[in-house]
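Each chain gets a letter, A, B and so on, in the order its sequence line appears, and its residues count up from 1. Just so you know, these numbers use all the heavy atoms, side chains as well, and skip hydrogens, waters and symmetry mates.
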Protein chains: 2
Amino acid sequence: MATVRTGSNLSQIAASLGVSAATVSNALSGKGRVSAELAEKIRATAADLGYTPSLTGRALRTGRTGVLGLVLPDIANPLFPQIAQAIEFAASNAGYGVLIADSRGDVAMQTEAINRLIERDVDGIIIVPRRGTRIADIGCPVAVIDSPSTPGNTVSADHWQGGQAIVEHLASLGHRKFLLIGNNPASNVQNDRIGGMKSRLPEGAHADVLWIERHEQTHGKGSLLGLRQKADEGFTAFAAVSDLHALRALTELQRAGVAVPEGGSVTGFDDLIWSSAVTPGLTTVRMNMTEIAEIAIAALVRVIEADPVSSSGIPRTATGTVAAAGRPGVPMQLVVRQTSAPPPPINRA
Amino acid sequence: MATVRTGSNLSQIAASLGVSAATVSNALSGKGRVSAELAEKIRATAADLGYTPSLTGRALRTGRTGVLGLVLPDIANPLFPQIAQAIEFAASNAGYGVLIADSRGDVAMQTEAINRLIERDVDGIIIVPRRGTRIADIGCPVAVIDSPSTPGNTVSADHWQGGQAIVEHLASLGHRKFLLIGNNPASNVQNDRIGGMKSRLPEGAHADVLWIERHEQTHGKGSLLGLRQKADEGFTAFAAVSDLHALRALTELQRAGVAVPEGGSVTGFDDLIWSSAVTPGLTTVRMNMTEIAEIAIAALVRVIEADPVSSSGIPRTATGTVAAAGRPGVPMQLVVRQTSAPPPPINRA
DNA sequence: CTGAAAGCGCTTACAG
DNA sequence: CTGAAAGCGCTTACAG
């Protein structure tokens, strides 16, 4: 519908100048082969006519649509806004559009979502998988944003280092008894975060891990996590692998009369929208989504554009995954919102 | 890249059967003009060859890309996951893809985001504006999801009725002193919600409105809202126009030693992810996003497809906004998570 | 009922 | 340096 917009196309510019469409194309794309004066005249006319190229026409000719697909299997993912924004920004800067596909939380529907994108001729796909789902080799370049522990991963935050930053901070405040709160023991991301946290426990410190999924299997969905009792047992640092779990911990503690942060500190991950809205704010650690998105898009674009379209318009056959070999995770940044020292050990069990 | 995927196209099917591409096209699109037997044979061959049509080729010929744009000016909008999912689902069911565009929270960049979509030849655009930004008439069908109070609006939740449902529920529990918490007095959505709440105050009840934006202008960003004092003054119902504000209220009250819900009820809007994760859960009211998305997409599709492409491929000129005249908002549904009666009036000032 | 032709807008060898 | 031609894959009048 470029023609709807502007009413102008290559042929019209060509006609109005008495040159050929090919020359206009060459001039506009700066592919040389056109004298400076003529090129200038062509550009001026194009601007006059408000010409914008039809990406559809170009796509049909070149075999590239200039569109990337974004797949987030875990729909309700509260990181979605951050991710989508960063990806769209990076893609747009690289000259690509972003088509979304949703698998409605159903891992099995992931394939279907991907197929919808492929049918629309996307040049590449960005996937943010959940629970370490492996992405089958589809006939299209793919960038996976997950944890460095995920095979085939392209880029990710350094979740391990994020965990270290959290525990270092809590330890420096004086905390020695940590309750690490996770949701899903099968998640690479969560395991990296917890691993990092454990790796920085100070001398003589103690850490337990509370897996909510397991807890709810015995205590029922949405049940209390028993944090009051944990506090009574002397736990003072409640470090969750996500802000959502941190929020759950914070409100449960407050509801049970444990003052936060004086009676216990609560930390999360990802700096989601509510982390700064609650009282007290959550100490957390944030990903550099801008950089992660840039790396993912750059890797994808490299594969897409490195594979030259055959001169006769025969489409390229690029497939497979962008290699991530040895790429370190992108560092996470600590956001401190609670700075109280733990209560004196007198209170502890 | 359809050819990359499958290696098959119309001509190949045609060649392998000794018929013309036109006949294959007619058979596959069911446009009649082909004998039942031949059509069947063509379909079988297409399936054998794993044929999927090139949407790019089709787009160039028909002037329609089958892609819709989704614009959310308010990037960090926590409703984004819900909206994007519902829109993608409805669009996909209607045979359309969804391209996202982000204006990075900058209302001025909204136009630029829209232009990016138009350059990509989208057939229509769905906009979820914030702060009642008016959408200029772009040369492309538009559906606006906002409040019924927004001029040019296409479809929305019935925010007014949602507010009524909340207050009716609180009143039935016995609450008589309401603090209505909003953020932005210029928002149509918030005003509708607050208007609805006020319209259902029971006999002898009292309601104050706390606008956070104004409050922060004097007390500083992120400062406490003084809810403890409000509680002391006898307010027992803290009804926010969004779950985010409700969360802020809940944690501030808990932090200040006010038990929720025994000492005061907190309600929100939208049933965002954390509403069911906090302790106690937030009573809230949720939009029927599925239905809203369906209506928006249906309206858009009607305009797009009602405007026939000229036979010679001259593109249609459909423009303007889908009319919303007299369409009532889609009802919101109450989600009750707190059922305590207010504390006895003895405690009140 | 079926097929040959034209053309959507573009880009890329190729010829001049 | 410049232009005419071919063709990406499709669909739609039009002719047979």
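- Protein atom CG of A:Leu28 is 13 Å distant from nucleotide atom C1' of C:dG9, rounded to whole Å.
- Positionally, the nearest nucleotide of DNA chain D for A:Gly18 lies more toward the 5' end than for the other of B:Ser25 and A:Gly18.
- By the 4.0 Å N-to-carboxylate-O rule, A:Arg43 lies close enough to A:Glu40 to be salt-bridged with it.
- In this entry the distance linking CD1 of B:Ile13 with C1' of D:dT11 reads 15 Å, nearest Å.
- Contact between the side-chain N/O atoms of A:Thr56 and the OP1/OP2 oxygens of C:dG9 is not found at any separation under 4.0 Å.
- When side chains are defined from C-beta on, B:Tyr51 counts as touching B:Leu28, because their heavy atoms get closer than 4.5 Å.
- Along DNA chain D, the nucleotide closest to B:Leu60 and the one closest to B:Ala22 are compared, and the more 5′ of them pairs with B:Leu60.
- Proximity of B:Thr23 to the phosphate of C:dG3: a side-chain N or O atom is located under 4.0 Å from OP1 or OP2.
- Atom CD of B:Glu40 is separated from atom P of C:dT2 by 14 Å (rounded to the nearest Å).
- At a cut-off of 3.5 Å, with distance as the only test, a side-chain donor of B:Asp121 or A:Thr56 sits close to an acceptor on the other residue.
- The nearest whole Å value for the distance from the CG atom in B:Leu10 to the C1' atom in C:dG3 is 14 Å.
- The partner of C:dC14 is D:dG3, by the rule that a Watson-Crick or G-U pair needs both atom distances under 3.5 Å.
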